[in-house]
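Here is the structure we will look at, set down as structure tokens.
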Amino acid sequence: MRVKKRILFSLFAALFLLFVHTAQTQAQTVPITFNSGNYSGQWAVSGVTNFLTGDQTLDLAPGNYILRFGWHNGQNSIDVQTDGSVT
């Protein structure tokens, strides 16, 4: 019986920690709007999205990302700041 209680407690603790980690990870993202302007082709944020088209808003954690354009390997590096600004 004690072993079952320990297993249940361990499982509960693991689920709680997973919930806390997930909530913290989601809270650390900022909404970034990508305005495609006159560009009608496909674009993607490497490691985050598949190819997209048109204007999109993505929730990104602060950090460096590669913005890829179309199938011709065009790309730019962007830095997302904690305040939501992009450089």
Side-chain angles (χ1 to χ4, degrees):
M1 186 69 161
R2 291 179 65 157
V3 172
K4 286 184 181 178
K5 285 184 180 179
R6 285 184 190 168
I7 291 172
L8 286 175
F9 177 76
S10 296
L11 180 60
F12 176 75
L15 289 173
F16 177 75
L17 291 175
L18 178 63
F19 173 77
V20 169
H21 174 72
T22 302
Q24 288 175 345
T25 301
Q26 290 175 348
Q28 294 174 1
T29 62
V30 291
I32 303 297
T33 299
F34 292 86
N35 183 342
S36 60
N38 291 331
Y39 181 71
S40 61
Q42 296 181 326
W43 59 273
V45 179
S46 288
V48 178
T49 68
N50 292 321
F51 278 99
L52 304 168
T53 58
D55 298 346
Q56 302 282 336
T57 299
L58 304 174
D59 291 325
L60 298 176
N64 183 268
Y65 297 90
I66 302 296
L67 185 60
R68 297 176 46 208
F69 301 98
W71 300 103
H72 56 80
N73 296 328
Q75 63 184 34
N76 280 345
S77 176
I78 61 171
D79 287 308
V80 174
Q81 308 300 317
T82 56
D83 65 357
S85 62
V86 177
T87 56

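In what follows, every heavy atom counts, from backbone to side chain, and hydrogens, waters and symmetry copies are set aside.
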Mind listing the closest non-hydrogen atom pair of Pro31 and Thr57 along with its distance?
CB-CG2, 4.0 Å
Step by step, work out the side-chain contact (heavy atoms from CB on, under 4.5 Å) result for Ile78 and Phe34.
CA-CA 12 Å; Ile78 61 171; Phe34 292 86; 4.0 Å; yes
Can you pull out every side-chain hydrogen bond (donor to acceptor under 3.5 Å, both in side chains) where at least one residue sits in residues 38-49? Sequence neighbours excluded, please.
Gln42-Trp71
Working note: Leu67 + Val45, criterion side-chain contact (heavy atoms from CB on, under 4.5 Å); need CA distance, chi angles, decisive distance, verdict.
CA-CA 5 Å; Leu67 185 60; Val45 179; 4.0 Å; yes
Just how far is it from atom CD of Gln81 to atom CD1 of Ile32, taken to the nearest 0.5 Å?
9.5 Å
Heavy-atom donor-acceptor pair, Asn35 side chain to Asp55 backbone, under 3.5 Å:
no
Looking at Asn50, I'd like to know if its CG atom is crowded, meaning that more than 12 non-hydrogen atoms belonging to other residues, nucleotides or ligands lie closer than 6.0 Å.
no
With rounding to the nearest 0.5 Å, note down the distance linking OG1 in Thr87 to CG in Asp79.
4.5 Å
Could you tell me which non-hydrogen atom of Ser77 sits nearest to which non-hydrogen atom of Asn64, and how far apart they are?
OG-ND2, 2.9 Å
For the hydrophobic clusters of this structure (ILVMFWY residues joined by side-chain heavy atoms under 4.5 Å, transitively), does one cluster hold both Ile66 and Leu52?
no
